[in-house]
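One-based numbering, in listed order, for ligands and for the atoms of each. It should be emphasised that the depicted structure is a prediction, and the values quoted were computed from it without experimental measurement.
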Amino acid sequence: MTVLIAGCGDLGTEAGLRFAAAGHRVVGWRRSPGRLPHQIEGVEADLTGSLPTIPQDTTVVVIATAAGERTEAAYRAAYVDGTANVLDALERDGGEPVRILFVSSTAVYGDAGGGSVSEDTPAEPASPTGRMVREAEQLLLARSPAGLVLRLSGIYGPGRTRLIDQVTSGTAVRPAEPQWSNRIHRDDAAAAIVHLASLDGPVAPIYLGSDLLPVDLGEVLLFLAQELGLPEPPMGRTSTTRGGDKRCDSTLLRSTGFDFAFPTYREGYRSVLAGRSVRHG
Ligand SMILES: NC(=O)c1ccc[n+]([C@@H]2O[C@H](COP(=O)([O-])OP(=O)(O)OC[C@H]3O[C@@H](n4cnc5c(N)ncnc54)[C@H](OP(=O)(O)O)[C@@H]3O)[C@@H](O)[C@H]2O)c1
């Protein structure tokens with residue numbers, strides 16, 4: 001069985017390594033394939049252009065591309081056009097994968113006023129970029145019965161240390177008003193991709209991938225300062241919540257038998273701070 005990862009960056013590579021470790025052939029498409037590890041067969045491909053031939057025995061396709069900038073046009077090209085092109089290439093080459101998993105984002109929910117969001121919550125993106133991601137989801141699910149959407153919350157992990165950097169540089173500010181934040185460790189996100197792609201039988205069209213503990217952003221910043229032995233970040237006015245004020249509920253993902261290696265930000269950030277990355281699944 002071959003797994004094709006279209007847009008094989010940080011997350012796609014981690015998922016690809018796990019598929020390879022499970023004995024699958026893994027092909028990774030990106031514009032700079034030389035950056036991929038040897039376990040993944042790198043193929044130069046631009047998802048917005050004409051695409052290479054898809055191996056006949058491809059049973060899983062993971063679309064994990066990202067936009068180069070936060071503009072509507074860049075998001076349309078990366079997500080909507082990229083996804084449509086992959087589906088066109090599958091039709092062209094007669095491929096019939098069992099799963100086509102689109103890595104999406106909980107940004108499709110916009111702001112929920114601090115409420116809980118799950119797969120049943122209507123996705124009404126507040127931003128033009130969020131609308132593009134939602135459009136790509138809808139396009140995939142409308143065009144392919146093999147389509148599956150995994151909506152991830154904020155990814156953190158090795159090399160993805162935005163909050164840690166804010167705390168160490170002394171620029172972190174704890175929001176004066178409580179502000180929900182949601183996250184998933186990069187390794188759990190990769191493990192969830194492999195888990196969902198490998199499930200037997202029918203699956204739901206959409207899953208949320210977010211750890212077990214939505215948490216006030218200020219609490220995370222305080223925790224990081226304590227772990228690093230640094231002064232408490234001050235409270236103050238901050239710009240609007242990066243991910244929208246909401247609490248992501250990933251009960252459906254867990255009901256399929258998925259276990260988080262990093263159930264909360266505490267285990268996850270302790271692992272990042274220790275410079276380790278746990279591999280499972
Ligand atoms: N960051 C977050 O907190 C977050 C949260 C929720 C969801 N997500 C989603 O997670 C997904 C993957 O994120 P990531 O961190 O793995 O991103 P990433 O490391 O930037 O990987 C994306 C890869 O896509 C490739 N790519 C971009 N444009 C391409 C194109 N036109 N043709 C072919 N390949 C292209 C890039 O490689 P080349 O430059 O070599 O082409 C890049 O390595 C994205 O869909 C993102 O929306 C992220």
query = N/O to N/O below 3.5 Å, does that happen between Leu152 and ligand 1?
reply = no
Closest heavy-atom pair, Leu150 versus Leu208, reported as atoms and distance to 0.1 Å, is CD1-C, 4.2 Å
A student comparing Arg183, Glu14, Arg186, Arg31 should find that the heavy atom closest to atom 38 (P) of ligand 1 comes from Arg31
Using a strict threshold of under 4.0 Å (side-chain N to carboxylate O), is an ion pair present between Arg270 and Glu267?
no
Taking distance alone, with no angle check, do Trp29 and ligand 1 share an N/O pair under 3.5 Å? no
ask   = For the ring pair Tyr269 and Phe223, is the centre-to-centre distance below 6.0 Å?
value = no
Q. Can you tell me if Arg151 has a non-hydrogen atom under 4.0 Å from ligand 1?
A. no
Ligand 1 to Ala45, heavy atom cutoff 4.0 Å, flagged ligand atoms 32 (N), 33 (C)
Could you tell me whether ligand 1 has any atom less than 4.0 Å away from a heavy atom of Ser153?
yes
Going by the 4.0 angstrom heavy-atom rule, the piece of Ala78 near ligand 1 is neither
* Does ligand 1 have any atom that is closer than 4.0 Å to a heavy atom of Ala107? -> no
Ligand 1 atoms nearer than 4.0 angstrom to some heavy atom of Ala64 are 12 (C), 22 (C)
Do the side-chain N and O atoms of Asp165 and Ser169 include a donor-acceptor pair separated by under 3.5 angstrom?
no
Per-atom filter on ligand 1: closer than 4.0 angstrom to a heavy atom of Leu47 are 30 (C), 31 (N), 32 (N), 33 (C)
Counting from 1 in the order shown, the ligand 1 atoms closer than 4.0 Å to a non-hydrogen atom of Gly154 are 3 (O)
Exactly one candidate in Arg35, Arg30, Arg160 meets salt bridge (Lys or Arg N to Asp or Glu O under 4.0 Å) with Asp10; the answer is Arg160
Donor-acceptor under 3.5 Å (Asp93 side chain, Gly95 main chain):
no
Worksheet entry | Arg174 and Glu232 ion-paired at < 4.0 Å | yes
Going by the 4.0 angstrom heavy-atom rule, the piece of Arg35 near ligand 1 is neither
Check: Is the side chain of Ser250 donor-acceptor paired with the backbone N or O of Ser210 at a distance under 3.5 Å, no angle test?
Finding: yes
In ligand 1, the atoms that come under 4.0 Å of a heavy atom of Gly7 are 23 (C), 24 (O), 25 (C), 34 (N)
In terms of its nearest heavy atom to atom 17 (O) of ligand 1, the top option of Ala66, Gly42, Gly28 is Ala66
Ligand 1 atoms nearer than 4.0 angstrom to some heavy atom of Val103 are 9 (C), 10 (O), 11 (C), 45 (O)
**Q.** Distance-only N or O hit between ligand 1 and Ser105, under 3.5 Å
**A.** no
Within the 4.0 Å heavy-atom cut-off, what Ala67 brings close to ligand 1 is neither
From the list Glu69, Glu135, Arg70, side-chain hydrogen bond (donor to acceptor under 3.5 Å, both in side chains) partner of Tyr75 resolves to Arg70
*Sub-3.5 Å donor-acceptor pair from the side chain of Asp111 to the main-chain atoms of Ala126, do we have one?*
no
(request) Using distance alone, decide if ligand 1 has a nitrogen or oxygen within less than 3.5 Å of any nitrogen or oxygen in Tyr79. (result) yes
In Tyr265, Phe260, Phe262, the residue satisfying ring pair (Phe, Tyr, Trp, His ring centres under 6.0 Å) with His185 is Phe262
